[in-house]
Student: 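Sending over a structure as structure tokens; questions will come in a sec.
Every chain is numbered from 1 and lettered A, B, ... according to where its sequence line falls, protein lines coming before strand lines. Owing to the predicted nature of the structure, the values given are computational and were not obtained by experimental measurement.
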Number of protein chains: 2
Amino acid sequence: MSYGTANGHGLRARGERPARVGGLEPIAAPHTRTDQVLRALTDAIVEGRLVPGTLHSVASLAEQLGVSRTPVREALIQLSRRGMVGFERNRGVRILETTIHDLEQIFEIRLWIEPPATHQAVRRMGAREVEVVRHHFEAMLAAARRDRLAEMWRHDRALHRAIIQASGNLRAAQYLDGLRDLVLMRGATTVGRARSPLEIVEDHRPLVEAIEAGDAAAAAEEMRRHVRTTADLVLALERGERAGTPGGTA
Amino acid sequence: MSYGTANGHGLRARGERPARVGGLEPIAAPHTRTDQVLRALTDAIVEGRLVPGTLHSVASLAEQLGVSRTPVREALIQLSRRGMVGFERNRGVRILETTIHDLEQIFEIRLWIEPPATHQAVRRMGAREVEVVRHHFEAMLAAARRDRLAEMWRHDRALHRAIIQASGNLRAAQYLDGLRDLVLMRGATTVGRARSPLEIVEDHRPLVEAIEAGDAAAAAEEMRRHVRTTADLVLALERGERAGTPGGTA
DNA sequence: ACGTAGCGTGTAGCATGCTACTCTGCTCTT
DNA sequence: AAGAGCAGAGTAGCATGCTACACGCTACGT
């Protein structure tokens, strides 16, 4: 049992070259096991399959994922950096709960970054980028109509990411992506129940239209309004729902 | 400096983990090997002892630090996330050079966040926080006069951090800290030579005075001006100096 | 002389061994 | 009966073993 013991669980073997012959593809994504585990764990946490507050061991997570402890630990370290999990020495890894205080800070940062980033993005966007934004908006709409919440959130994230990415600041886009994960981690399900999905989608419409019109100032303002609306909604909901929680710290 | 584990941010477990009995601190810093290595490597890179563009092996770094490969690799993964190093499969770990493009993005983000954060900070500041800002300003001045560059930069960072922290958004403060590392990694020495240290310090004066006056709007504007000035200075310098260097990001 | 195939060296990535520590629950003492 | 001591299980953290791959160098073929 040297190497292939736990390999049959869908994770790709180590150095697979896609070997494109005629084309000019440099190399496919060098997806390491750590990357795959990071993705799997992030999804599991965001989707609530790993419940906040619960304690797990690296070994058990590794077994469930069908890999050894090392890549799991390496992925968990990154999640720990992002504040999604916390190591407890000799005890395990705890899935952390995003506190109200965290949500406030996160939305504050989004309010600071996203409007000016949107302003710049609109000025730089070509027809192709605008088309991508519209596509995700329509996809959100379709998903909401069919009550496919997860799909809706996926396109929501993609839409926001497309806008920020168009600003040319990839670093900001990546950071905001992480922040959105933290919000979804706590807010996705509750928000989906409090407001109709269609209302959520429609809140994006003025933003998308301003972008299509090429009106940078208006788009920035609509982004500001949209983020603020979302923040108010999520925060009001969370504050109301967790009334009896020991929240003396926050 | 950049922080170590997940202990710094406001995320907290759901159950009453802190378990405070008397008035005693829960426990001192866990101080893992990985944290120490992270700190050592960060310092080495920022101070230029690990030269950008050079290739190293995890094993050699581990040997120099006197620890095994594991904590070194785990620390490097975090640095990789921050864009300071890059893994090259079966080749080694490359110390990445902060490209001009990176600097542009970083300063752009600082321009987006720091002015509004300053605005909010001024409104929340008490006499004590204002005093801290003034203290770091005076310390910067004294250090500049004695040509103690490293000390000056330390207080520069502390000053900025104190302001942002006063906004109440610790998460933003932490993120900006990381961004400043990346700038220092490339710009510290060059800037110190191009402009007189005193000029650098004096550029903070209107900001500090606006803060002391409690004028949030003016402080925000001065912060914006200051960051922009710094950005222009660093970028102009770097663009001029490194004309034919092979940039090596990603 | 020039291109190329093949080997050797060194590496990241992954798996696994090992240790000190924490927590739980039981037993023994008072 | 109640509390203290103790042992057993389980864990993160760290160290180390192992494998497939990338790259440089050499030697061979043309």
Side-chain angles (χ1 to χ4, degrees), chain A residues 1-19 26-38 40-41 54-81 85-96, chain B residues 4-7 13 15-19 21 26-38 40-41 54-81 85-96:
Chain A
M1 62 185 258
S2 56
Y3 210 73
T5 40
N7 275 354
H9 291 68
L11 292 179
R12 249 198 316 179
R14 196 143 72 79
E16 254 174 82
R17 264 182 311 185
I27 31 171
H31 269 218
T32 66
R33 268 190 174 58
T34 298
D35 286 331
Q36 298 175 12
V37 171
L38 178 60
L41 288 176
T54 57
L55 195 61
H56 305 261
S57 77
V58 176
S60 71
L61 293 172
E63 196 183 9
Q64 290 176 52
L65 291 166
V67 298
S68 79
R69 309 194 311 264
T70 303
V72 175
R73 177 170 161 82
E74 289 176 354
L76 284 170
I77 285 173
Q78 299 186 48
L79 289 177
S80 154
R81 207 61 161 76
V85 305
F87 282 93
E88 297 183 12
R89 196 186 181 97
N90 299 327
R91 295 246 312 145
V93 182
R94 193 173 298 276
I95 312 299
L96 294 182
Chain B
T5 23
N7 263 351
E16 308 99 293
R17 275 262 99 224
V21 184
I27 266 185
H31 238 26
T32 66
R33 283 257 203 306
T34 298
D35 287 330
Q36 298 175 8
V37 171
L38 177 61
L41 289 177
T54 57
L55 195 61
H56 305 261
S57 77
V58 176
S60 71
L61 293 172
E63 195 182 11
Q64 291 176 50
L65 291 166
V67 296
S68 79
R69 311 195 309 264
T70 304
V72 175
R73 176 170 162 83
E74 289 175 354
L76 285 170
I77 285 173
Q78 299 186 47
L79 289 177
S80 156
R81 261 293 184 172
V85 305
F87 283 93
E88 298 184 11
R89 200 187 182 93
N90 299 329
R91 295 250 309 148
V93 182
R94 192 173 298 277
I95 312 299
L96 293 183

Student: Take the protein atom CG of N90(A) and the nucleotide atom P of dA20(C), then report the distance between them rounded to whole Å.
Tutor: 12 Å
Student: By the 4.0 Å heavy-atom rule, please label T70(A) as base, sugar-phosphate, or nothing.
Tutor: base
Student: Round to the nearest Å and state the distance from R89(B) atom CZ to dC21(D) atom P.
Tutor: 8 Å
Student: Give a yes/no on whether any side-chain N or O of S68(B) is located under 4.0 angstrom from OP1 or OP2 of dT16(D).
Tutor: no
Student: Without decimals, in angstroms, what is the distance between I77(B) CD1 and dC14(C) C1'?
Tutor: 11 Å
Student: Establish, with yes or no, whether the OP1 or OP2 oxygen of dG13(D) is under 4.0 angstrom from a side-chain nitrogen or oxygen of R73(A).
Tutor: yes
Student: Starting at CZ of F87(B) and ending at P of dC21(D), how long is that distance when rounded to a whole Å?
Tutor: 20 Å
Student: Report the distance from atom CZ of R94(A) to atom P of dT11(D), rounded to the nearest whole Å.
Tutor: 13 Å
Student: Quick check: do T34(A) and Q78(A) have side-chain heavy atoms less than 4.5 Å from each other?
Tutor: yes
Student: Closer than 4.0 angstrom, basic N to acidic O: yes or no for R73(B) and E74(A)?
Tutor: yes
Student: In terms of side-chain heavy atoms of T32(B), which of dC14(C), dC14(D), dA12(C) is nearest?
Tutor: dC14(D)
Student: Consider the side chain of R91(B), meaning its heavy atoms from C-beta on, and name the nucleotide among dA15(D), dC14(D), dA22(D) that approaches it most closely.
Tutor: dA22(D)
Student: Are any of the side-chain heavy atoms of V37(B) and L61(B) separated by less than 4.5 Å?
Tutor: no
Student: Does any non-hydrogen side-chain atom of T70(A) lie less than 4.5 Å from one of R33(A)?
Tutor: no
Student: What integer distance in Å separates R33(B):CZ from dA20(C):C1'?
Tutor: 12 Å
Student: Looking at dC14(D), I'd like to know if its phosphate oxygens (OP1 or OP2) sit under 4.0 Å from a side-chain N or O belonging to T34(B).
Tutor: yes
Student: Could you walk me through whether I77(B) and I77(A) satisfy the side chain to side chain contact (heavy atoms under 4.5 Å, CB included) test, starting with their C-alpha distance in whole Å, then the side-chain angles of each, then the deciding distance to 0.1 Å, before giving a yes or no?
Tutor: CA-CA 9 Å; I77(B) 285 173; I77(A) 285 173; 5.6 Å; no
Student: Counting side-chain heavy atoms from C-beta on, which of dA12(D), dC14(C), dT22(C) comes nearest to V58(A)?
Tutor: dA12(D)
Student: Mind calculating the distance between CZ (R69(A)) and P (dT16(D)) to the nearest angstrom?
Tutor: 15 Å
Student: Whole Å only: how far is the NE2 atom of H31(A) from the P atom of dC14(C)?
Tutor: 12 Å
